[in-house]
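Okay, structure first, notes after.
When reading the values below, keep in mind they use all heavy atoms of this one structure, side chains included, and skip hydrogens, waters and symmetry mates. In what follows, chains carry the letters A, B, and so on, assigned in the order in which the sequence lines appear, proteins first and then strands, with residues in each chain numbered from 1.
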Amino acid sequence: MKAAEVIPRNSLFWLLIVQFLVILPHLQYLPPWIIVLWLGCTWWRLRIFRMCAAYPNGWVKALLMLSTGLAIYVSHGTLIGLDAGAVLLMTAFILKTLEMRNRRDALIVIFLGFFAVVTGYLFDSGVLAAVYSLLPITALLAGMIGLYQNDSAGYRAPLRLAGSLLLQALPLMLVLFVFFPRLAPLWGMPQPAEQAVSGLAESMSPGEMVELSQSSELAFRVTFDGQLPAHENLYWRAITFERFDGQRWARSSNSYLAQEPKWEPQGEPLSYNIIIQPNGRSWLFSLDVPKIQADDARMMADFHLERRRPVDRALMYRTVSWPDSRREPSATSASLAASLQLPRQGNPRTRIWAEELRRSEPDPERLVQVLLRHFNQQPYVYTLKPLPVGENIVDDFLFQTRSGFCIHYAGAMTFILRAAGIPARVVGGYQGGELNPAGNYLSIHQFDAHAWVEYWLPERGWISIDPTFQVAPERIRTGLQQAMVQEQSFLEGDPLALHRYSGINWLNELRMAWDNVNYGWQRWVLNYQGDEQKQILQKWLGSFELRWDWLGIGLVLVLAVLSGSLALLLFKPWRSTPDLVQRLFLRYEKLLAGQGIVRQKHEGARAFAERAAQVLPDQAQAIRQFTGIYECTRYSGEPASPREMQQAFKALRDALFSRNHAKDRIH
Amino acid sequence: MRAKLEACLSTANQVFLGKEKQVRLAVACLLARGHLLLEDLPGMGKTTLSHTLAKVMGLDFQRIQFTSDLLPGDILGTSIFDKDVGRFVFHSGPIFAELILADEINRATPKTQSALLEAMEEGQVTIEGATRALPEPFFVIATQNPASQSGTFVLPESQLDRFLMRLSLGYPARAAEKALLLGESRRDLLPCLEPVFDHAGLAAIQEEVAAVNVSDALADYLLRLVEATRTHPQFAWGISPRGSLALIAATRSWAYMAGRDYAIPEDVQVVLPAVAGHRLRERADYSGSGDSSLVQWLLREVPVL
């Protein structure tokens with residue numbers, strides 16, 4: 001049956017379309033030579049189809065395989081890992097079309113295609129990608145259906161069938177989506193390199209902060225339960241920087257300490273949901289002072305929330321914050337030591353100035369006020385293009401350039417406070433956020449990254465203060481975009497960023513609406529797992545206690561019943577053996593099969609009986625009699641009575657039974 | 001009736017030695033009112049078989065040797081001016097016989113071959129505008145030589161389809177041939193044969209054959225066979241409805257000859273190679289010789305029950 005396995009024309013057509021549809025979304029990270037390979041292979045395959053070219057022979061295939069493997073190694077530096085692996089999958093998918101001769105090869109291509117579609121979700125799990133993936137899946141199904149049709153079926157028939165199959169699968173998909181327990185993967189899910197780590201880093205230099213402020217990428221989204229706090233109160237804490245080496249601010253060992261500092265909730269709490277984008281970091285964002293409702297996250301010694309594992313996919317968590325709380329009013333000098341650390345040398349002018357300030361203002365609180373006034377009244381400029389500074393970055397900033405942004409101000413102020421003997425640290429995080437009126441939630445982007453200062457006073461604990469507010473209050477009140485109107489440096493490097501055009505009303509509304517759709521997708525679809533799923537199911541099921549194992553068993557039962565009844569509906573077993581005659585014949589076949597005589601499908605009842613009679617000469621008469629009655633009933637139009645047939649069957653069974661006994665006795 | 005049939009078969013087998021199955025199929029073909037195509041090498045006894053059948057069936061026999069210069073008129077007959085009567089008088093051709101042996105049919109031109117077409121399908125011929133009925137019963141046994149194809153006109157599918165069966169006789173078995181060598185000349189035996197049937201008897205037996213019961217289950221098997229030829233890609237084309245009618249007629253005939261008044265799948269399986277062999281062609285096979293492997297595939301792969 002070789003001829004039957006030739007790939008029909010319509011299936012080949014769909015397979016080539018499939019290839020296009022599957023590869024398209026992957027193009028964003030695939031190296032450009034893949035396109036050349038792809039077009040070349042498609043061209044070759046079409047020429048093979050037109051009989052203008054031959055299939056590649058073994059040498060050519062080996063050469064192609066080796067060279068693509070080498071090319072992947074050259075462009076990615078490895079052959080393993082998600083990115084290189086995805087490229088490898090793509091090249092395999094492309095090359096396999098070339099040697100696609102018969103149905104089996106085509107099936108391999110189709111299964112690879114399905115796998116490639118799933119791989120795409122690792123890179124992009126947004127709404128668009130999900131909706132788009134319906135296209136290649138439909139085409140894959142059409143190609144698969146086309147394989148089992150012949151040329152005359154045309155191109156559209158398989159597509160129509162594939163479409164209707166997908167539609168039929170829809171209810172099942174919804175049921176599975178709602179009820180299927182989301183099992184945590186047994187292995188770490190691989191992450192694409194480019195989205196592995198983004199946003200704030202463990203140590204920041206001013207230059208890196210500028211880079212961050214040029215990115216319009218989303219960091220996280222927040223929905224508040226009640227009223228939204230004012231923009232200037234939204235300080236989203238990520239981590240604290242306590243170690244300063246003269247150039248960079250870095251995380252202190254304090255922030256790795258999983259020991260909740262002393263604090264008492266005070267004042268009105270704020271409760272909110274955050275969905276954080278995957279960023280490869282393990283810290284979570286919150287307003288001060290938070291209590292998180294999650295098992296795998298806790299508060300660290302510097303009041304920031306830390307998760308056990310890095311956030312490698314969108315994560316939703318719920319937090320309650322008490323902004324008016326006192327934080328660590330009593331602390332030991334040992335724990336404050338890190339907040340007084342300064343490099344041995346460098347920035348001498350700042351140190352001298354801090355000494356002077358300390359002498360003139362012995363009260364730390366007044367000293368802070370003096371400093372803030374200094375930033376407010378002196379000609380400091382808030383800019384994303386600070387003038388270059390030399391070795392002593394704090395000296396140069398305070399006394400020469402006087403231009404910078406949050407990290408400069410926060411860094412300088414912390415330096416001065418420490419030099420004046422007041423424990424202080426830089427807090428890194430985000431400030432503000434963009435309100436989406438359609439969905440009533442805040443979106444915080446990378447350009448909202450911010451740094452501020454907190455200092456410690458006995459009895460009062462840690463107090464947050466923001467020197468940037470003194471220089472550029474509009475940054476804190478409305479956001480970076482307003483603050484940069486004059487300088488026009490907002491998202492300068494990214495002319496296509498939609499945020500730049502928020503002045504155009506309809507475009508802005510469109511962007512907001514789209515963002516809202518994305519947020520809904522993330523909140524209700526991607527994050528519908530674990531506790532979220534449990535809560536929602538619980539709400540539906542009421543007081544009934546929900547347990548995953550019961551749910552799993554129930555789901556399997558429901559599916560079994562469903563597929564069972566579907567099978568009943570489709571195969572109609574009560575119709576396929578309509579009468580006693582057929583059933584008896586089936587039993588007769590089984591009986592003889594027990595003797596090792598199996599009816600071939602091309603054997604009619606009589607031929608089978610003759611063969612059986614030769615093997616079982618003693619029972620030949622019974623066999624012939626039964627077969628005769630069967631034949632008569634089925635073919636003559638004058639059916640024998642069922643009783644007659646049953647009797648013949650019994651006679652045969654008894655005859656065989658006695659034979660078995662005889663055999664046993666002989667043995 | 002059945003006794004007569006058996007007598008008929010045994011007589012034929014006495015003349016035509018060692019080919020019981022072929023003789024039986026040939027008789028089945030005639031009982032099903034079908035035409036027969038014999039395909040074999042020269043000297044295999046094609047003529048003897050036809051002649052024997054004509055004799056035992058009590059049919060009058062005509063033989064037409066087909067050649068490339070044979071014209072339709074030579075078969076059908078022509079009008080010739082009779083000066084005594086003073087008008088054209090029709091002189092009927094050899095086709096006006098009950099059993100025609102069209103020897104080496106593929107040697108004639110398509111024009112002449114097509115003259116046979118109407119006769120075979122309709123049982124009538126049209127000559128010079130007048131339609132003349134052929135005798136009843138009317139059988140055509142055509143022969144062709146598959147080996148030497150030079151100077152022949154391959155029978156078109158339309159004409160092949162009109163033959164109910166195609167048989168190939170094959171070499172006789174050793175014992176049969178020995179008996180042939182040692183026995184009387186077959187030609188001498190022929191005149192001694194007594195017809196077993198008269199026309200009325202043949203018509204009656206044909207009626208009985210047509211009344212053999214074909215059940216739903218059997219028709220389903222037959223349709224499965226036919227559908228397989230239409231859907232599986234290795235078949236260049238499927239069996240036509242005329243083909244399935246032929247298959248059912250031959251099945252009935254075979255069942256009747258087996259002494260049953262109902263047909264069973266085994267009957268279909270016996271006649272299938274003869275009935276379907278010349279109607280099928282493998283897609284990859286352009287020579288058109290037709291191949292028994294397709295029929296074997298059908299017999300093997302199509303489920304019976």
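- With a 6.0 Å radius and a threshold of 12 heavy atoms from other residues, nucleotides or ligands, A/Phe115 has its CZ atom at or below the threshold.
- At a heavy-atom separation below 4.5 angstrom, chain B is approached by no residue within residues 613-628 of chain A.
- With a 4.5 Å cut-off on non-hydrogen atoms, B/Leu218 touches chain A through its backbone and its side chain both.
- No donor-acceptor pair under 3.5 Å is formed between the side chain of A/Glu603 and the backbone N or O of B/Pro303.
- At most 12 heavy atoms of other shown residues, nucleotides or ligands fall within 6.0 angstrom of atom NZ in B/Lys21.
- Atom CZ of B/Arg174 has 12 or fewer neighbouring heavy atoms from other residues, nucleotides or ligands inside a 6.0 Å radius.
- A donor-acceptor contact shorter than 3.5 Å links the side chain of B/Ser215 to the backbone of A/Arg634.
- Contacts between residues 253-268 of chain B and chain A, counted as heavy-atom pairs separated by less than 4.5 Å, involve B/Arg260, B/Tyr262, B/Ala263, B/Ile264, B/Pro265, B/Glu266.
- Atom CH2 of A/Trp43 has 12 or fewer neighbouring heavy atoms from other residues, nucleotides or ligands inside a 6.0 Å radius.
- Using a 4.5 Å heavy-atom cutoff, the side chains of A/Lys601 and B/Glu301 are in contact.
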